[in-house]
Amino acid sequence: MAEVSMCNSNGAAELSPEEERVLIRDIALAAGANSKEGDEFFLITQRWWQHWIEYVNLDQQNSTNEGSSVLNNHSDSVSSSKRPAGIDNSDLIYDSASHDDNISVEIHDSLLEGRDYVLLPQDVWNQLHSWYGGGPPLARKVISSGLSQTELAVEVYPLRLQLLVMPKGDRSTIRISKKETIGELHRRSFEIFNLNAEQVCIWDYYGHQKHALMNDMDKTLDDANIQMDQDEPSKSTLSIAGGFPASKGASRSCSSEISQARNMTLTYRELDNAYGISCVSTRGSYGGLTGLQNLGNTCFMNSAIQCLVHTPEFAKYFREDYHREINWQNPFGMVGELALAFGDLLRKLWAPGRAPIAPRPFKAKLARFAPQFSGYSQHDSQELLAFLLDGLHEDLNRVKQKPYIKSRDADGRPDEEVADEYWANHIARNNSIIVDVCQGQYKSTLVCPICNKVSVTFDPFMYLSLPLQSATTRSMTLTILTSDSTTSPFPCTVSVPKHGWCRDLIQAVSIACSLKTHEELKLAEVRNHQFHRFLDDPCLPLSSIKDDDRIAAYKISKSSKNSLLLRLIHRCRPQETGSNGLSSQWNAFGVPLIASIPYEDSITRGDIQREVQKILLPWFGGDNLIQDTDGDICADYVTDSPKTNGCPSKTLSLKFSLQMADKSNELIDLSAKEGKSIRVATSSAPAVVYVDWSRDLIEKCSAKYFENLPEVFRYGPVSKKARTEPLSLYTCLEAFLREEPLVPEDMWYCPQCKERRQASKKLDLWRLPEVLVIHLKRFSYSRSMKHKLETFVNFPIRDFDLTNYVGNKNSTQRQLYELYALTNHYGGMGSGHYTAHIKLLEENKWYNFDDSHISLINEDDVKSAAAYVLFYRRARSNDNVLTSNGALPIPIEPKSEPFQT
């Protein structure tokens, strides 16, 4: 195969994909070995990086399956990926840049490394940028972090501080590293507002309440506990009070807040009243609103920890003197180290303050005793939870010497007698706060299919793993548009195989929109009102289409040899702020269109003009095109306005300014010299035409044609209507308790037949714990495949009634539970993200715990298809006494202030 030499924008010879791969690998290795505080790393969008990975001939699927590094795995097969275009970081930043000169390009608040972006050392970024160009560059500094401040981390989100000078009201917003000093903050504030240093002091107004005077100039903002507000994770508020500015400065219009007063003795009543709004603040009367830093794919651990920490019984137990119950000699435990690490972490999370905690000591203990959780790979939150509960139980087991007890056969004895005997035997060996709170008991009945031998046992459980119905399909919403616009754009939702291909989507949409034999579908992803990519490859996996993508499906006539495909992009001039005039810049708006024009020998500019007018005619409610006295094309348009521009009344001129891009991206004005022919490329490449709209035409047009496209799948809280249709938690529980034969790999040894039999097994709940943990089995595994079930489960938040599911009919107490916490899993296998929804019982409010970010949520938002592990607490009228299962009652004191460290 001949090697083609190309040149990049700098004029240098372009390297082959393999040469690029090797060079970037070597640069990355060298940069990684010499990283130090103060170095710069650059964010780059995951989409572009993934494209480049495929281009340099790295089979990502093979590298993922084999567990090898992306830059070290190389396939000998020839990559089919095209060379990426310029680097495009628009996915990571807000559409409009801030007007504040002190703020650089702002990135979105909820970005995740590995899902939305990757971090590249400066040398790697420089090399890629020299090859591909693009941007914008998003540089971030390396800072020291961790408890010992010896670990390095990239500060992706520097502090965004809001500054408001009172009473004048000047305001500004700045980005500043948390490693900068208070003195540097003062200096920058003086510079921004032109203030005199001798007459100024700065207050921390966290949570809209005055907190602390910032006067230690050598202390860093990190040490001063300056964080961004949890309800608005991108902002925090400071108040500047002091003398008059040295000169009058322009007021900065930005969403920030600082305060200036006329003298040092000013009372802050006005400012305090202005911020009297309740918001998320851990410096208030309630604790427990402290986040956990993500140490690198540790969201699975953070979500489980937060749920346990916010279990009221555990919060009380570990904030008191639990050390006396540590079992230092238990061979099944961790010599108390896991309990001590968890207790220390719980106390920090409940202590006053709001700085997110880095759970490094706890993770180190976890990795020591459970090597499967070492490193920084993603893990199953439920597996971590199961290990943690069992490990804490063994560390806190009150039984120092476990007696050997042989279980007796039921031999026809009453179930109540046998159940109590089994439970007493269990408590004789296992007695801890974990057993008191989380362990229950179920009845297991096995029946031999040959001799009908019945075996009844009563076994303890820590949580219930309930099966879900497998979801093998995926719901996708597209917008259907016709080339002649005779039908208004309409959304179309289809069901396709979850692991299908683009051809499956095209087939499903073709049926749904009644595609005719002479028509074909063109699918395109639309972003920022322009075509981002076309989904032409029938073998493109549907997994490449994300839930937040916006897809348009265009019904056009089947292309022939003598037809030109047009891609129409609408543009208008926006109204300039504070002016009656229009901007000189054209901005894309609306939804782009696709049309096909047949031709014989040639196409003129007028042909394209008339085709565009024909397509857009229905947008104005017109029926047909007519020609006015000046030769302009008009549309029948119902209006009461008098005759204008030579058109008869009840008509509207459809004279558009059309610009077509040629091969060199130069624009050709199609409005001039309409009779001039256009050279049509023999490669049948589509032509890009910009349709420039006047403000008058936009006002006359139906607004429905300019609406934004819907997302492929709106993931989040499910509507009330949808919640009545999906799988119920009661249905999952019934499936768990249903009688079914054992699988062949798990045959039961029948003591009467003296052989292994495929017996039938029936489970019944017998004794329920104070805290009932329910695991929804979303993940399924086989030898070659791993799947996540995205079934929405309708689970009750309160009045979860299990009375009818308890086999012990002697109990007259109703078994009612209330939800107080749950973990969520978003995304697919191995690349998803965990969060937790937790109800603070003292406040009776729900919060979302997303690693270090905490935000208030509505109760209606708690339910979603991402729910994974549910935490229920027994509902009871008297919350002051907790009765343990078979053990002595545990006194619960009236609620006290958070534990003081």
Side-chain angles (χ1 to χ4, degrees), residues 303-304 306-308 310-314 381-382 385 389 436-443 460-469 717-718 720 722-738 763-778 791-809 811-825 836-841 844-848 857-879 882-885:
S303 61
Q306 291 286 15
C307 289
L308 291 181
H310 288 85
T311 299
E313 293 79 6
F314 294 154
S381 178
Q382 186 273 333
L385 179 68
L389 287 174
D436 296 339
V437 175
C438 292
Q439 283 200 354
Q441 186 184 37
Y442 59 72
K443 174 186 176 183
F461 67 85
M462 193 89 74
Y463 53 86
L464 300 178
S465 289
L466 305 188
L468 304 185
Q469 295 175 349
V718 181
K720 292 182 178 179
R723 289 176 186 173
T724 63
E725 301 172 357
L727 193 63
S728 165
L729 184 60
Y730 291 106
T731 304
C732 298
L733 180 60
E734 290 163 4
F736 173 74
L737 300 176
R738 186 180 301 124
L763 295 178
D764 292 288
L765 299 179
W766 191 265
R767 187 188 307 262
L768 294 179
E770 293 301 318
V771 169
L772 178 62
V773 181
I774 295 179
H775 164 226
L776 303 178
K777 298 175 68 174
R778 294 200 175 275
T791 308
F792 173 77
V793 178
N794 188 16
F795 52 89
I797 293 180
R798 57 179 57 85
D799 295 333
F800 181 33
D801 193 350
L802 297 177
T803 306
N804 295 331
Y805 296 93
V806 177
N808 185 3
K809 301 307 179 183
S811 175
T812 58
Q813 182 183 3
R814 290 191 67 189
Q815 305 291 332
L816 292 178
Y817 284 83
E818 292 186 356
L819 186 76
Y820 72 91
L822 69 152
T823 64
N824 303 297
H825 181 271
H837 291 338
I838 295 172
K839 181 180 182 180
L840 287 195
L841 301 181
N844 196 31
K845 294 179 181 179
W846 283 92
Y847 293 88
N848 177 50
I857 60 174
N858 296 322
E859 187 174 283
D860 291 340
D861 298 332
V862 170
K863 293 185 182 183
S864 79
Y868 185 41
V869 181
L870 310 175
F871 290 76
Y872 282 93
R873 187 169 182 250
R874 187 186 296 277
R876 52 190 181 275
S877 58
N878 183 8
D879 270 344
L882 165 67
T883 303
S884 59
N885 289 320

Side-chain heavy-atom pair V869, C307 within 4.5 angstrom cut-off: no
Within-4.5 Å side-chain heavy-atom neighbours: K845 and L840: no
Within-4.5 Å side-chain heavy-atom neighbours: P312 and R873: yes
Step-by-step side chain to side chain contact (heavy atoms under 4.5 Å, CB included) determination, D764 to W766: CA-CA 6 Å; D764 292 288; W766 191 265; 5.7 Å; no
Parallel, tilted or perpendicular, as decided by the 30° and 60° cut-offs, for the rings of Y442 and F461: parallel
Under 3.5 Å: donor-acceptor pair, side chain of S303, backbone of T823: no
Salt bridge (charged side-chain N to carboxylate O under 4.0 Å, His left out) partners for R738, two or more places apart: none
Interatomic distance, L765 atom CG to K443 atom NZ [nearest 0.5 angstrom]: 12.0 Å
Sequence-distant partners of F871, ring pair (Phe, Tyr, Trp, His ring centres under 6.0 Å), two or more places apart: none
L822 to A867 - nearest heavy-atom pair and separation: CD1-CB, 3.8 Å
Between SG on residue C438 and CG on residue L389, distance to nearest 0.5 Å: 5.5 Å
R798 side-chain N/O to A875 backbone N/O, donor-acceptor pair under 3.5 Å: no
Residue among K777, Q382, H775 satisfying side-chain hydrogen bond (donor to acceptor under 3.5 Å, both in side chains) with Y868: H775
Among L466, L737, N794, the one residue meeting side chain to side chain contact (heavy atoms under 4.5 Å, CB included) with C732: L466
Closest non-hydrogen atom pair, L819 against P796: CB-O, 4.1 Å
Distance-minimising heavy-atom pair for D799 and E818: N-CG, 4.3 Å
For the student: nearest non-hydrogen atoms of I838 and Q306, plus distance: CD1-O, 3.4 Å
Residues L768, R874; criterion side chain to side chain contact (heavy atoms under 4.5 Å, CB included); working and verdict: CA-CA 9 Å; L768 294 179; R874 187 186 296 277; 3.9 Å; yes
Interatomic spacing from CZ in R767 to CD in Q815 - rounded to 0.5 Å: 11.0 Å
L468 side chain reached by R778 side chain, heavy atoms, under 4.5 Å: yes
Validation row: V771, Y820 side chains within 4.5 angstrom (heavy atoms): yes
Atom pair CD/OG1 of E770 and T311 - distance to nearest 0.5 Å: 12.5 Å
Verdict with supporting geometry, L802 and L733, side chain to side chain contact (heavy atoms under 4.5 Å, CB included): CA-CA 10 Å; L802 297 177; L733 180 60; 3.5 Å; yes
CG on L385 to CE on M462, rounded to 0.5 Å: 9.0 Å
Any side-chain heavy-atom pair of I797 and W846 under 4.5 Å: yes
Geometric class of the Y730/Y805 ring pair [parallel <30°, tilted 30-60°, perpendicular >60°]: parallel
Under 3.5 Å donor-acceptor, D801 side chain and T803 backbone: yes
Beyond-backbone contact of I774 with Y872, side-chain heavy atoms, under 4.5 angstrom: yes
4.5 Å side-chain heavy-atom contact, L870 and V793: no
